[in-house]
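Here the structure is laid out as structure tokens; the discussion comes afterwards.
As the structure lists them, so they are numbered: ligands from 1, and atoms in each ligand from 1.
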Amino acid sequence: MKRAVVLGGSFAGLLAARVLSDFAEQVLIVEPDLLDADGTGPGAPHRRQLHALLAMGHTQIERLFPGITREMLRGGARLGEGDAVRFYVDGAKKASVADSRMLGATRPFVEAHVRRRVTALPEVAWEHATAKGLLLRGDRVVGVRLETARTATGGPDSVYELSADLVVDAMGRSSRLGGWLTELGWDAPPVDRMRVDLGYATARFARGSELPDTVIAHATPGPASAYLPTLCEPGALAAVEGDAWSVVLAGYAEHRPGRDRAQFLARMKRCVAPVREVAERCEMLGDVESFHFRESRRHRFTDLTRFPGGLVAIGDAMATVNPVYGQGLTLAALQASSLAVHLRSGASPHAPARGYFRRAGVVVDAAWQLSTTADLAQPHVTGPYPRGYRFLRWAGDRITTASVRDAEVNQAYMDVVHMRRHPKALTAPRVLARTARVLWRG
Ligand SMILES: Cc1cc2nc3c(=O)[nH]c(=O)nc-3n(C[C@H](O)[C@H](O)[C@H](O)COP(=O)(O)OP(=O)(O)OC[C@H]3O[C@@H](n4cnc5c(N)ncnc54)[C@H](O)[C@@H]3O)c2cc1C
């Protein structure tokens with residue numbers, strides 16, 4: 001390829017650009033936000049919320065950028081291993097698993113490191129602009145229409161065109177790709193939606209000598225509370241760069257957390273011990289930032305019988321799932337890996353990218369299955385119900401209960417949570433038999 005154009009320079013766009021730098025002479029990242037200062041531009045305001053990087057996502061990022069973990073640790077991130085990473089259900093700590101390992105860092109910090117590595121690639125350049133549409137010739141996308149970004153001096157000629165061998169939509173949830181396709185006479189991919197009405201709130205605290213052995217603590221409601229916040233407030237904390245704790249609280253519908261500092265602290269005190277301790281001993285730095293996530297959304301590109309060549313979508317532009325399961329960044333990394341496999345197979349970038357959408361669709365479907373099956377336990381979430389839901393719910397409740405007591409069941413559970421295994425691994429006879437034995441023993 002002479003030129004690949006990536007629309008959107010956030011997490012998914014950066015990973016796509018890294019992959020494309022192996023295949024194209026030039027990779028142009030089109031992004032309207034200037035992300036040099038604190039790395040939280042208006043195009044992706046959810047960056048301010050605490051983001052977990054799942055084990056699979058971390059592995060993929062280290063593979064794409066060898067040595068990046070070491071760089072982040074030098075910059076103040078923490079690496080939690082063993083019992084420094086703790087998961088709780090209904091307030092009870094889950095059984096320890098052998099290979100538990102998670103990074104303690106904020107999303108802007110991780111993204112800044114990725115951005116620096118991508119920007120340093122000789123093939124990569126940035127275009128400070130907003131994408132406005134696709135250029136089509138026959139049945140192939142041959143370029144994009146751009147508009148000079150808001151902060152630059154726009155003028156009557158601020159709309160311009162760029163040719164491309166491959167265009168990547170990494171514009172996140174706000175992508176208008178479906179609309180652009182229909183305007184050009186093509187079908188938009190069908191969209192699955194699940195309304196979850198989730199609220200998130202994140203605050204930063206000064207980190208001192210308290211909790212020296214904790215990097216990540218994560219609490220969710222489970223079967224004992226019918227997945228409601230009655231036994232324990234849902235939330236998480238991470239030891240992050242800048243000697244700080246980042247604390248997130250989550251809640252659905254009328255239980256969505258707000259920005260009030262006193263209420264935030266009061267809710268932290270109803271969470272698990274490490275979160276309580278930070279509320280009691282540490283000073284809050286700055287304001288509470290909140291975010292309202294209304295619905296999960298999956299664009300089913302694989303359902304389309306006709307699709308133009310020279311075009312793919314990645315990250316939230318393809319699917320955006322309930323963030324409480326922390327899958328978004330890892331999903332983007334696995335999609336980037338699918339793109340690399342697709343291009344390495346010798347597929348022409350000018351042809352419809354069916355192989356890519358099929359591969360990426362497998363990971364999207366896995367993430368969708370895990371998150372939507374779990375979300376349906378919430379009384380205000382009313383469907384759609386997948387086939388076999390009653391069995392999945394029944395088995396899921398029991399596996400969750402057993403995972404608190406038993407390391408082997410928890411290992412199987414955490415492999416799925418960290419996206420190292422497909423959710424169907426949880427219904428393998430070995431896991432179900434072990435779960436039955438653990439619950440039988442009481
Ligand atoms: C509250 C919340 C908490 C989350 N927590 C986690 C977590 O713990 N772990 C996890 O893995 N994931 C989490 N996620 C999901 C994660 O944030 C997303 O999956 C991730 O941001 C997707 O990256 P992206 O690059 O696809 O999209 P985005 O990060 O949304 O970026 C889209 C980019 O496209 C640009 N753009 C938009 N329109 C245009 C245009 N017309 N032209 C050019 N550029 C454009 C925007 O400026 C932006 O930079 C969370 C999400 C939310 C909402």
Problem - Residue portion contacting ligand 1 (non-hydrogen atoms closer than 4.0 Å) for Lys132 - result: neither
Handout entry: Leu146 touching ligand 1 at heavy-atom level, < 4.0 angstrom
Key = no
Practice task
Look at atom CZ of Arg421 and say whether more than 12 heavy atoms of other residues, nucleotides or ligands are closer to it than 6.0 Å.
Solution key: no
Handout entry: Heteroatom distance test (Ala44, ligand 1): nitrogen or oxygen, under 3.5 angstrom
Key = no
Handout entry: Region of Leu50 that comes within reach of ligand 1 [heavy atoms, distance under 4.0 Å]
Key = backbone
Exercise for the section: Between Glu31, His292, Arg107, flag the one that comes closest to atom 20 (C) of ligand 1 by a heavy atom. Expected result: Arg107
Practice task
Report yes if Ala52 has an N/O atom closer than 3.5 Å to an N/O atom of ligand 1; otherwise report no.
Solution key: yes
Practice task
Would you check the N or O atoms of Pro32, main chain and side chain alike, for any that come under 3.5 Å of an N or O of ligand 1?
Solution key: no
Handout entry: Row check, Trp245 ring normal vs Arg204 NZ/CZ: under 6.0 Å, within 45°
Key = no
Practice task
Go through ligand 1 atom by atom and flag the ones less than 4.0 Å from a non-hydrogen atom of Val30.
Solution key: 43 (C), 44 (N)
Practice task
Report the relative orientation of the aromatic rings in His418 and Phe87; use parallel for angles under 30°, tilted for 30 to 60°, perpendicular for over 60°.
Solution key: perpendicular
Handout entry: Structural part of Arg176 in contact with ligand 1, heavy atom criterion under 4.0 angstrom
Key = neither
Handout entry: Residues which pass side chain to side chain donor-acceptor pair (under 3.5 Å) with Glu123, listed by chain and number, not counting sequence neighbours
Key = none
Problem - Residue pairs passing the ring-ring contact (aromatic ring centres under 6.0 Å, His included) test where at least one lies in residues 8-29, sequence neighbours excluded - result: none
Problem - Nitrogen or oxygen of Leu7 less than 3.5 angstrom from that of ligand 1 - result: no
Exercise for the section: Return yes or no for this condition: an N or O of Gln49 is under 3.5 Å from an N or O of ligand 1. Expected result: no
Practice task
Report yes if Tyr200 has an N/O atom closer than 3.5 Å to an N/O atom of ligand 1; otherwise report no.
Solution key: no
Handout entry: Thr130 contact mode with ligand 1 (heavy-atom cut-off under 4.0 Å)
Key = both
Handout entry: Residue portion contacting ligand 1 (non-hydrogen atoms closer than 4.0 Å) for Ala332
Key = neither
Exercise for the section: Report the part of His51 in contact with ligand 1, treating N, CA, C, O as backbone and CB onward as side chain, heavy atoms under 4.0 Å; options are side chain, backbone, both, neither. Expected result: both
Completion exercise
Looking only at non-hydrogen atoms, the one of His218, Arg48, Met171 nearest atom 34 (O) of ligand 1 is Met171
